[in-house]
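My questions will all concern the structure given below.
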Amino acid sequence: AVDASDESVRELLARAGATDRELAQLADDVGGETGLARYLLDDAGFLPPDVVEMVERCPSITSEPQDIAVATQTVEFMNSTFALRKCDLRKVFREQPTLLLSNAARPTGIYDTGACPAILASTAGRPAAGPRKDKNDTATSIYDTVYLLSTVGVRPKHIKEMVVRWPQLLTLPIGQMLAVTDFLTSLDFEGSVGSLSAAPRPGWVAATPTGRATR
């Protein structure tokens, strides 16, 4: 018998039922770290096409050693917080696989896309509030984003809908999110900032870094 720990990424995916077409999507130098991929397939309920797309978007999933405890905590936190359908949970991580990585392995800068004047305000040092310093794990970052949206009036069911439709919200720096909500609040329109969540494209989605898909 072959020790599962000796499997390559391709062998792991083939064992899980990946088709030749799906395997052909992987880069030749896909890497040999199978720990995170094995967790996703064997324990978290993801399918081979999900993992193939995640590796395409974030090669470090299999090219570098990853902390499985971080991924497990994040997947379980998403399940307990949003009670997502399995297909929606898979969609979120397919589109934003960096959520499976530790914060230290993810980009953390403020992005200026030119889409909103508030981004310039944030890079100039405002708002005063920013990311917490006491705890820096991915699940806490997601919690902070959810808390921020709720404090500006976004209803829980709308937060859930936004997370599924625009998973990149969970990867935005909290300082950038604060800047956008502060800017929208300063416009003094009728209703709360949260009322914009019913719009086809909520205002803060405009602050998403260029190049990230919005589906």
Side-chain angles (χ1 to χ4, degrees), residues 1-108 136-143 145-146 160-172 205 208-215:
V2 177
D3 187 342
S5 64
D6 293 332
E7 286 182 310
S8 69
V9 173
R10 292 179 187 278
E11 290 170 338
L12 174 66
L13 287 165
R15 174 173 62 80
T19 65
D20 290 341
R21 183 173 183 177
E22 289 162 355
L23 294 174
Q25 293 177 240
L26 294 172
D28 291 336
D29 58 345
V30 66
E33 296 291 338
T34 60
L36 181 51
R38 183 176 290 109
Y39 160 72
L40 293 170
L41 292 166
D42 295 348
D43 299 322
F46 287 77
L47 303 177
D50 301 324
V51 177
V52 169
E53 185 170 345
M54 290 181 198
V55 172
E56 284 188 294
R57 290 176 180 265
C58 182
S60 61
I61 285 178
T62 54
S63 65
E64 301 172 12
Q66 301 298 340
D67 189 340
I68 310 305
V70 170
T72 302
Q73 179 189 36
T74 304
V75 171
E76 291 177 352
F77 180 81
M78 290 287 290
N79 267 323
S80 63
T81 301
F82 300 110
L84 296 173
R85 297 179 301 171
K86 181 63 70 174
C87 61
D88 289 335
L89 181 73
R90 288 163 43 213
K91 175 185 181 294
V92 169
F93 287 106
R94 275 201 316 270
E95 295 189 14
Q96 296 298 327
T98 58
L99 290 171
L100 295 166
L101 310 182
S102 66
N103 274 353
R106 293 169 50 197
T108 57
N136 192 36
D137 58 74
T138 305
T140 302
S141 296
I142 295 173
Y143 170 84
T145 297
V146 172
K160 179 176 179 178
E161 291 171 359
M162 290 164 65
V163 165
V164 173
R165 295 184 68 182
W166 300 289
Q168 64 268 34
L169 281 176
L170 301 179
T171 68
L172 290 175
V205 175
T208 303
T210 303
R212 295 191 182 180
T214 55
R215 298 181 183 177

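Each residue takes its place number in the sequence, starting with 1. What you see is a predicted model; the values in this text were computed from it and never measured.
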> Are any side-chain N or O atoms of R94 and backbone N or O atoms of E53, one a donor and one an acceptor, separated by less than 3.5 Å?
Replying inline: no
> Roughly how far apart are M54 CE and L36 CG, rounded to 0.5 Å?
Replying inline: 8.0 Å
> What closest approach, in Å, do A44 and K86 show between heavy atoms, and which atom pair accounts for it?
Replying inline: O-NZ, 3.2 Å
>> Measuring from atom OH of Y143 to atom OG1 of T81, what distance do you get when rounded to the nearest 0.5 angstrom?
In response: 9.5 Å
> How long is the span from the CZ atom in F46 to the CG atom in L89, to the nearest 0.5 Å?
Replying inline: 4.5 Å
> Atom CD of Q96 and atom OG1 of T171: how far apart are they, to the nearest 0.5 Å?
Replying inline: 4.5 Å
> Between P97 and C58, which heavy-atom pair has the shortest distance, and what is it?
Replying inline: CG-CB, 3.7 Å
>> Between V75 and Y39, does the side chain to side chain contact (heavy atoms under 4.5 Å, CB included) criterion hold? Intermediate values first, please.
In response: CA-CA 11 Å; V75 171; Y39 160 72; 3.6 Å; yes
>> Nearest 0.5 angstrom please: E22 CD to D50 CG, how far?
In response: 9.0 Å
>> Using side-chain heavy atoms (C-beta onward) and a distance below 4.5 Å, is V51 in contact with V55?
In response: yes
> Out of M78, K91, R90, which residue meets the side chain to side chain contact (heavy atoms under 4.5 Å, CB included) rule with L84?
Replying inline: M78
>> Let me confirm one number: the CG-OG1 distance from L13 to T19, rounded to the nearest 0.5 Å.
In response: 10.0 Å
> Is the backbone of L101 close enough, under 3.5 Å, to the side chain of T138 for a donor and an acceptor to pair up by distance?
Replying inline: yes
> Are any of the side-chain heavy atoms of V146 and F82 separated by less than 4.5 Å?
Replying inline: yes
>> For a 4.5 angstrom cut-off between non-hydrogen side-chain atoms, does L40 reach L100?
In response: yes
> How far apart are the closest heavy atoms of A14 and L23, and which atoms are they?
Replying inline: CB-CD1, 4.2 Å
> Tell me, do V163 and L169 make a side-chain contact under 4.5 Å, heavy atoms counted?
Replying inline: no
>> Quick one, E33 and E64 - any side-chain contact, counting heavy atoms below 4.5 Å?
In response: no
> Side chains of T72 and D43: does their closest heavy-atom pair fall under 4.5 Å?
Replying inline: no
>> Tell me the closest heavy-atom pair linking S8 and T34, and the distance in Å.
In response: C-CG2, 3.8 Å
> Which atoms form the tightest heavy-atom contact between A83 and K160, and what is the distance?
Replying inline: O-NZ, 3.3 Å
>> Quick check against the 3.5 Å criterion: does T145 have a side-chain atom that pairs as donor or acceptor with the backbone of L170?
In response: no
> What pair of heavy atoms forms the shortest contact from P167 to E95, and how long is it?
Replying inline: CD-OE1, 3.5 Å
